[in-house]
Amino acid sequence: MAVLLSGCSGSSDGPGRTERSAGSGAGRVSVRFTVTSNLPLKIAMTGISGSAGHTQEFANVRAPWSKTVTVEKGRYPSIAVAPVKVAGKGEVRCDMRVDGKPVDEDSGKGTGSSLVLDCGGAV
């Protein structure tokens, strides 16, 4: 029985910067998340690594923000995006692309919990 493990190496949280996993085989796809907002954000990314329930969190993120990862086909990568301050009023938008093709997007205006967004999908 063979076991495949995936992991991420390298990291950055700024605009135009990416995170990639080593190697890209036939059973892997490139997933890019992009977030825009006028507020500082917290972002939680799941479904990326081979570990069930593993969440990668980013705190006090300034938008625009993007992250590109390579994941195994059959996974369900996603991000949850929310303002750092519950009283923060503004706009948030996220999108997800797989191998450059749009898969999901979400956007909202408002205050606090009304701005919690989720972008994700099966790859």
Side-chain angles (χ1 to χ4, degrees):
M1 174 187 286
V3 177
L4 295 174
L5 299 175
S6 67
C8 297
S9 63
S11 167
S12 61
D13 298 332
R17 297 187 181 153
T18 62
E19 176 176 311
R20 295 191 189 271
S21 162
S24 172
R28 299 177 71 76
V29 293
S30 174
V31 177
R32 181 174 181 86
F33 293 103
T34 304
V35 176
T36 57
S37 180
N38 61 328
L39 300 169
L41 304 166
K42 50 188 169 186
I43 299 172
M45 184 167 42
T46 60
I48 303 301
S49 74
S51 303
H54 175 75
T55 300
Q56 188 175 8
E57 297 181 355
F58 306 91
N60 209 25
V61 172
R62 299 279 176 191
W65 176 92
S66 66
K67 185 72 70 180
T68 301
V69 293
T70 303
V71 300
E72 294 174 21
K73 287 183 179 178
R75 298 197 64 80
Y76 193 100
S78 67
I79 59 171
V81 183
V84 171
K85 296 180 180 177
V86 176
K89 184 174 183 177
E91 299 178 38
V92 180
R93 181 183 182 285
C94 66
D95 72 37
M96 174 185 167
R97 293 179 173 263
V98 175
D99 289 339
K101 297 175 186 164
V103 171
D104 192 23
E105 66 178 45
D106 197 2
S107 63
K109 294 180 182 182
T111 304
S113 62
S114 69
L115 284 178
V116 177
L117 305 179
D118 179 43
C119 286
V123 296

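Please read all numbers here as calculations on a predicted model, not as lab measurements.
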message: For E91, is there any backbone N or O sitting under 3.5 Å from a side-chain donor or acceptor partner on N38?
response: yes
message: Quick one, V31 and V123 - any side-chain contact, counting heavy atoms below 4.5 Å?
response: yes
- prompt: Is E57 close to T55 at the side-chain level, that is, under 4.5 Å between some pair of heavy atoms?
  reply: yes
- line: When every non-hydrogen atom of A87 is compared with those of T111, the smallest separation belongs to O-CG2, 3.6 Å
message: When you measure from the side chain of D104 to the backbone of G120, do you find a donor-acceptor pair of N or O atoms at a distance under 3.5 Å?
response: yes
query: Can you name the residues that form a salt bridge (Lys or Arg N to Asp or Glu O under 4.0 Å) with E105, not counting sequence neighbours?
result: R93
message: To the nearest 0.5 Å, what is the distance between CG on L115 and CG on L39?
response: 6.5 Å
field: Residues that D118 engages under side chain to side chain contact (heavy atoms under 4.5 Å, CB included), provided they are two or more places apart
entry: S78
message: Which residues pass the side chain to side chain contact (heavy atoms under 4.5 Å, CB included) test with V84, not counting sequence neighbours?
response: P40, N60
Audit row: C94, I79, side chain to side chain contact (heavy atoms under 4.5 Å, CB included) steps and yes/no: CA-CA 9 Å; C94 66; I79 59 171; 4.2 Å; yes
query: Is there side-chain contact between D95 and T36, with heavy atoms separated by less than 4.5 Å?
result: no
- request: For residues I48 and V71, report the shortest heavy-atom separation together with the two atoms involved.
  value: O-CG1, 3.6 Å
query: With a 4.5 Å heavy-atom cut-off, do V61 and V35 have their side chains touching?
result: no
- prompt: Under 3.5 Å, side chain of R32 to main-chain N/O of R97, donor-acceptor pair present?
  reply: no
W65 ring center near F33 ring center (under 6.0 Å): no
task: Group every Ile, Leu, Val, Met, Phe, Trp and Tyr by side-chain heavy-atom contacts under 4.5 Å, then state whether M45 and V116 land in the same group.
output: no
task: Measure across G108 and L117 and return the closest heavy-atom pair with its distance rounded to 0.1 Å.
output: N-CD2, 4.1 Å
statement: The reported gap from CZ in F58 to CG in L41 (rounded to nearest 0.5 angstrom) is 12.5 Å
Point-to-point distance, once rounded to the nearest 0.5 Å, from NZ of K101 to CE of M96: 13.0 Å
field: Heavy-atom pair with the smallest gap, counting every atom of S66 and T34
entry: CB-OG1, 4.1 Å
